Amino acid sequence: MVVQDSTDAGDARVGVRLEPFLHQVGGHLSVMKYDEHTVCKPLIFQEQRFYESLPLAMKRFTPQYKGTITVHLQRDSRGHLSLVATPLKENRGPFKVSTESAAVAIWQTLQQTTGGTGGAHRLAQWQLAHSLEESPATSLLRSDFHLNAPVSSLVEDAKGNQAERRSFNPWGLQCHQAHLTRLCTEYPENQRHRFLLLENVVSQYKHPCILDLKMGTRQHGDDASEEKKARHMRKCAQSTSACLGVRICGMQVYQVDKKHFLCKDKYYGRKLSIEGFRQALHQFLHDGTRFRTELLEPIQRRLQALLSVIRSQSSYRFYSSSLLIIYDGQELPERTPGGLHPQEEAPQTAHGSSSGGLTKVDIRMIDFAHTTYKGSWNEHTTYDGPDPGYIFGLENLIQILQDIQKGE
């Protein structure tokens, strides 16, 4: 929605009211919907530099970088609160973000967010919920879940049965409300924040099924404190990150029989054994009525293509980055006369997703705030060769998918 921004005296300009991105399945930072084909997230300088210096071979496996915007809180005459984006009018070159910037502070705080129970926090949540500008997305924040409730309790009961049947993933809404609460309570309303603009990689999907995988055997960046380093190493050691080089960070898969998404969060992913991880991959490719065997080949082809690219990227270490596997959960039409689904005949687009037919498959790398490479900003260590942890995770992921295919 376009709104008139007149928060600064004599400075009236058109802004874009941001909405929660309802298909965020993992991560800590709130991803916002800018328009139908664009999302935005708080700017981390190291991530911006990565996108701006991205090797050509990797562009097909990452969201398109669309620049930056400024974002601020805005309250209307009725007291309704919203986040409004003002596009930058010119390219101002590299933007240096100090360690005290709002975006970095949000990033650090949301990594620690567990849903506080203090009175001041609850009051801020109540005030926020009663001041949010209504929209199809923000109305969900008021009526459908509470920030402190674990995501798992919203989508499953204690026996694993689906209890929440609305067709949206609550994880992104949790991140969004935590983000707004922090902005409301710790920054002036007229504070300007810088956000990255990125391609909405699921805009072409009717029912986007998304698997968010945390890749590699190491998750902490070179600049991590000793406490943070120990915490991330412990999480890796206690999950499939250590033995497989990959763990599930979030998932949504459309169930055609119930017409809603089955959702899993990062806490579910951390508890999985190797066999549990394999079963979760199988579940991701099951639509509630049948296993989508036709997706296995194109997913493996794209993973093999990504593996070749990663092997060619010397000095890059993609610490704490994620890999998205995406396909459309809508019901398939009848097979063609040749016996193939439309997806199996689809040519490949520039970004590596299937086009043609109604089912699309895509593989995208995201979240590069801790990625390091030769010449990167705040470079602590220069590494030789490709990222061994990421390669280890990709090889195991491909092998497990091959094993699933043999079993089918």
Side-chain angles (χ1 to χ4, degrees), residues 23 25-27 61 151-152 155-156 160 162 169 171 201-202 205 207-217 235-236 238-256 261-307 310 321-329 332 341 343-344 352-354 359-366 389-408:
H23 295 298
V25 302
F61 295 108
V151 171
S152 57
V155 293
E156 292 184 348
Q162 291 297 305
N169 192 314
W171 183 261
V201 297
V202 302
Y205 300 90
H207 300 301
C209 298
I210 307 167
L211 181 64
D212 186 329
L213 299 169
K214 188 72 75 173
M215 299 300 297
T217 54
K235 289 177 184 177
C236 287
Q238 296 173 350
S239 69
T240 56
S241 290
C243 54
L244 293 178
V246 55
R247 75 169 182 261
I248 291 176
C249 193
M251 179 175 84
Q252 70 177 35
V253 53
Y254 190 70
Q255 306 294 281
V256 298
F261 286 105
L262 180 150
C263 303
K264 303 287 186 180
D265 62 23
K266 65 179 182 180
Y267 303 107
Y268 162 83
R270 288 178 191 171
K271 298 175 183 177
L272 294 176
S273 62
I274 295 178
E275 175 58 23
F277 181 87
R278 190 199 70 81
Q279 291 175 3
L281 278 185
H282 189 280
Q283 184 178 45
F284 174 65
L285 298 172
H286 200 288
D287 67 6
T289 61
R290 70 180 187 90
F291 183 76
R292 299 283 299 274
T293 54
E294 75 278 5
L295 298 172
L296 285 167
E297 281 290 344
I299 289 175
Q300 289 177 67
R301 281 199 303 270
R302 283 155 185 72
L303 289 174
Q304 289 283 5
L306 174 61
L307 180 58
I310 296 298
S321 70
S322 284
L323 182 67
L324 301 183
I325 300 179
I326 310 164
Y327 70 90
D328 204 321
L332 285 171
H341 287 292
Q343 174 274 327
E344 295 174 287
S353 62
S354 296
T359 301
K360 310 172 189 71
V361 173
D362 205 354
I363 303 292
R364 299 295 183 100
M365 300 172 69
I366 61 169
Y390 205 104
I391 291 173
F392 179 63
L394 276 177
E395 289 175 338
N396 283 320
L397 180 59
I398 292 168
Q399 183 61 57
I400 292 172
L401 287 169
Q402 290 174 346
D403 293 343
I404 291 174
Q405 189 170 25
K406 291 176 183 177
E408 291 298 316

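In this text the structure is predicted, and so the values were computed from the model without any measurement.
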A.B. asks: Which heavy-atom pair separates Gly393 from Met215 by the least distance, and what is that distance?
C.D. replies: C-CE, 3.7 Å
A.B. asks: With a 3.5 Å cut-off and no angle check, do the side chains of Gln300 and Gln304 form a donor-acceptor pair?
C.D. replies: no
A.B. asks: Would you call the rings of Tyr254 and Phe261 parallel, tilted or perpendicular if under 30° counts as parallel and over 60° as perpendicular?
C.D. replies: perpendicular
A.B. asks: Between the main-chain N or O of Arg270 and the side-chain N or O of Gln238, is there a donor-acceptor pair closer than 3.5 Å?
C.D. replies: no
A.B. asks: Between Arg292 and Gly329, what is the shortest heavy-atom contact and its length?
C.D. replies: NH1-CA, 4.2 Å
A.B. asks: Within this structure, what is the CG-CD1 distance for the pair Leu281 and Ile248, rounded to the nearest 0.5 Å?
C.D. replies: 5.5 Å
A.B. asks: What is the distance from atom CG of Leu307 to atom CD1 of Ile391, rounded to the nearest 0.5 Å?
C.D. replies: 6.5 Å
A.B. asks: Rounded to the nearest 0.5 Å, what's the gap from CZ on Phe61 to CG on Leu324? Could you check?
C.D. replies: 13.0 Å
A.B. asks: Which pair of heavy atoms, one from Ile400 and one from Arg278, lies closest together, and at what distance?
C.D. replies: CG2-CG, 3.7 Å
A.B. asks: Of the non-hydrogen atoms in Cys243 and Asn396, which two are nearest, and what is the gap between them?
C.D. replies: O-ND2, 4.1 Å
A.B. asks: Can you tell me if Thr240 uses its side chain to pair, donor with acceptor, with the backbone of Ile274 under 3.5 Å?
C.D. replies: no
A.B. asks: Looking only at heavy atoms, which two atoms of Gln255 and Leu262 are closest? And how far apart?
C.D. replies: CG-CB, 4.0 Å
A.B. asks: Identify whether the distance between the nearest side-chain nitrogen and carboxylate oxygen of Lys360 and Asp362 falls below 4.0 Å.
C.D. replies: no
A.B. asks: Minimum heavy-atom separation for Met251 and Ala280, please, with both atom names.
C.D. replies: SD-O, 4.0 Å
A.B. asks: Hey, mind stepping through Gln279 and Glu275 against side chain to side chain donor-acceptor pair (under 3.5 Å) and telling me if it holds?
C.D. replies: CA-CA 6 Å; Gln279 291 175 3; Glu275 175 58 23; 3.1 Å; yes
A.B. asks: What distance do Ile366 atom CD1 and Leu323 atom CG have between them, rounded to the nearest 0.5 Å?
C.D. replies: 8.5 Å
A.B. asks: Taking the side chain as C-beta and beyond, is there a heavy-atom pair between Val246 and Lys214 under 4.5 Å?
C.D. replies: no
A.B. asks: Is it true that the side chains of Ser241 and Arg247 contain a donor and an acceptor less than 3.5 Å apart?
C.D. replies: yes
A.B. asks: CD1/Ile299 to CG/Leu303 distance, rounded to the nearest 0.5 angstrom?
C.D. replies: 7.5 Å
A.B. asks: Given the rule in the side-chain contact (heavy atoms from CB on, under 4.5 Å) test, do Tyr327 and Leu211 qualify, once you have shown the distances and angles that lead to the verdict?
C.D. replies: CA-CA 9 Å; Tyr327 70 90; Leu211 181 64; over 6 Å; no
A.B. asks: Which class fits the ring pair Tyr267 and Trp171: parallel under 30°, tilted 30 to 60°, perpendicular over 60°?
C.D. replies: perpendicular
A.B. asks: As an exercise, state the distance from CG of Leu296 to CZ of Phe291, rounded to the nearest 0.5 Å.
C.D. replies: 4.5 Å
A.B. asks: Please determine whether side-chain contact (heavy atoms from CB on, under 4.5 Å) holds for the pair Ile404 and Leu285, giving the CA-CA distance in whole Å, both sets of side-chain angles, and the decisive distance to 0.1 Å.
C.D. replies: CA-CA 10 Å; Ile404 291 174; Leu285 298 172; 5.5 Å; no
